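I have placed the structure first, in the form of structure tokens, so that the comments after it can refer back to it.
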Amino acid sequence: MNIQDSQLSAFRAEAREWLERNFPKSLAGRGDAYFDISPRYPEGEDWAAWRKAMGDKGWGTPTWPAEYGGGGLTRQEAAILRDEMEKIGAFTPMIGIAQSMFGPTLLEYGTEAQKQRHIPPVCRGEIVWCQGYSEPGAGSDLASLKTKAEDKGDHYLVNGQKIWTSGSMHAQWCFCLVRTSNDHKHEGISFLLIDMATPGVEVRPITLISGKQTFAEVFFTDVKVPKENLVGGLREGWTIAKRLMQFEREGIGARKMTVGELRPLDVVAKEYVGTDEQGRLDDPDLRARIVRHQMWERAHRLTVERVAEEAKTGPSEATSVLKNAGSIALQTRGELLMEIMGHRGIGWEGEDYTQTERDSARQMLQNKAHSIYGGTYEIQANIISKRILGMRDHQ
Ligand SMILES: Cc1cc2nc3c(=O)[nH]c(=O)nc-3n(C[C@H](O)[C@H](O)[C@H](O)COP(=O)(O)OP(=O)(O)OC[C@H]3O[C@@H](n4cnc5c(N)ncnc54)[C@H](O)[C@@H]3O)c2cc1C
């Protein structure tokens, strides 16, 4: 065994022993409680203890520098940690916009003072951040955003409106794209950090058809933002915004595909549809489609791992491919599950249906959003054609 291998196996032993001591067994396999677009931490003693243990150790943000509260691990060590967690049904409690998008971007573009102030609470899972990008007239064409920040000497004065701001009802901070110049479209945008408790910030939740509230409209009326909250230079916000979206798409593309019903689809299908005399699923057409989907899912998962291993400087344009492939996998799975369950898959409420059956229709509908947030399917296709395939716009 060479030195590197022996160091890695020593790390594996350390990780296993630490997890054994610190991961509350009552939470084994319950990582799905986190799977929600709106980042909220479940309540309860064990959840709090697990979050604190991972936060103190820095392993919720394993590869971030230890000096800011991260784990300081190499990518290989982080992969070992993930592997050891999976073995015992453990999961990272640090899931959210702060860890997946904001933190990595601030580590690249923030000043030393901004990193010292904002990164440690993210590593400890103490602060919820929201993303103030979209506006009523600026979604796919994000750079046409109008929320403006005027220079008032010692502060910026922000006025405008954001929409679809996930988790903003619970967020303490918002990273926000604002217009600081009307002379240029993209180059007139700046990246500002706004404390949601500042006077003039108003959050109006949007109620979904399911009755849930996962996002909101956010209004800014004469909101005073200290100048030190500008990230990067003035009017350099678009470059930072694009980098953040790569982190966002990397997270979305890599997301676990099995939410709700955790068993493999072929196993569930046999239960609902039945088997033939050879023990195979008793519907050849459905069988073929399930196998095709499982191959897609597996290929997607392996590609996500390969891209992550090959990436030397973090995510690239390849994240657009992964996001779209992930959308197809997730949406196909939801639709197949509904079909497998038949009429039982459309049970919305009531004791006649199992929890899994009741979840399936909601999950299938929620999966539709996967190809919208983080930039739509069509916009990813545009990015792939222009920046990866080098194709030009047809005039
Ligand atoms: C669940 C959910 C959570 C969200 N969370 C956040 C959040 O936290 N923060 C935030 O800022 N935003 C958030 N969004 C907003 C999301 O980023 C936007 O909805 C998305 O970028 C699309 O913008 P739009 O809704 O304005 O649609 P539009 O831009 O109006 O697009 C409408 C349709 O036209 C298509 N289209 C538009 N332009 C083109 C083009 N050039 N070529 C081909 N097709 C095109 C689109 O693909 C889409 O199908 C969230 C959205 C959802 C659904």
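Computed from a predicted structure; not experimentally measured. As the structure lists them, so they are numbered: ligands from 1, and atoms in each ligand from 1. All heavy atoms count here, side chains included; hydrogens, waters and symmetry mates do not.
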Which is closest to [atom] in terms of heavy atoms, [options]?
{"atom": "atom 52 (C) of ligand 1", "options": "Y373, W129, Y377", "answer": "Y373"}
{"atom": "atom 22 (C) of ligand 1", "options": "I379, N382, T376", "answer": "T376"}
{"atom": "atom 27 (O) of ligand 1", "options": "S140, S371, S134", "answer": "S140"}

(request) Taking the six-membered ring of Y156 (Phe, Tyr or Trp), confirm whether the NZ or CZ of K227 is under 6.0 Å from its centre and within 45° of its axis. (result) yes

(request) Using a strict cut-off of 4.0 Å, indicate which atoms of ligand 1 neighbour a heavy atom of F215. (result)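 Within the 4.0 Å cut-off of F215, ligand 1 contributes 1 (C), 2 (C), 3 (C), 52 (C).
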
(message) Show the atoms of ligand 1 that are less than 4.0 angstrom away from any heavy atom in E378.
(response) 43 (C), 44 (N), 46 (C), 47 (O), 49 (O)

(message) Does atom NZ (K57) have a neighbourhood of more than 12 heavy atoms from anything else shown, all under 6.0 Å?
(response) yes

(message) Ignoring hydrogens, what is the shortest heavy-atom contact between R235 and S181? Give both atom names and the distance.
(response) CD-CB, 3.9 Å

(request) Sequence neighbours left out, what passes ring pair (Phe, Tyr, Trp, His ring centres under 6.0 Å) with F102? Give chain and number order. (result) W129, F175

(request) Report yes if the distance between the aromatic ring centroids of F11 and W59 is under 6.0 Å, otherwise no. (result)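 Ring-ring flag for F11/W59: true, centres closer than 6.0 Å.
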
Below 3.5 Å, N or O to N or O, backbone or side chain included: is there any such pair between [X] and ligand 1?
{"X": "T165", "result": "no"}
{"X": "D141", "result": "no"}
{"X": "Y133", "result": "yes"}

(request) Mind jotting down which residue pairs meet the ring-ring contact (aromatic ring centres under 6.0 Å, His included) criterion with at least one end in residues 227-253? Sequence neighbours excluded, please. (result) H186-W238

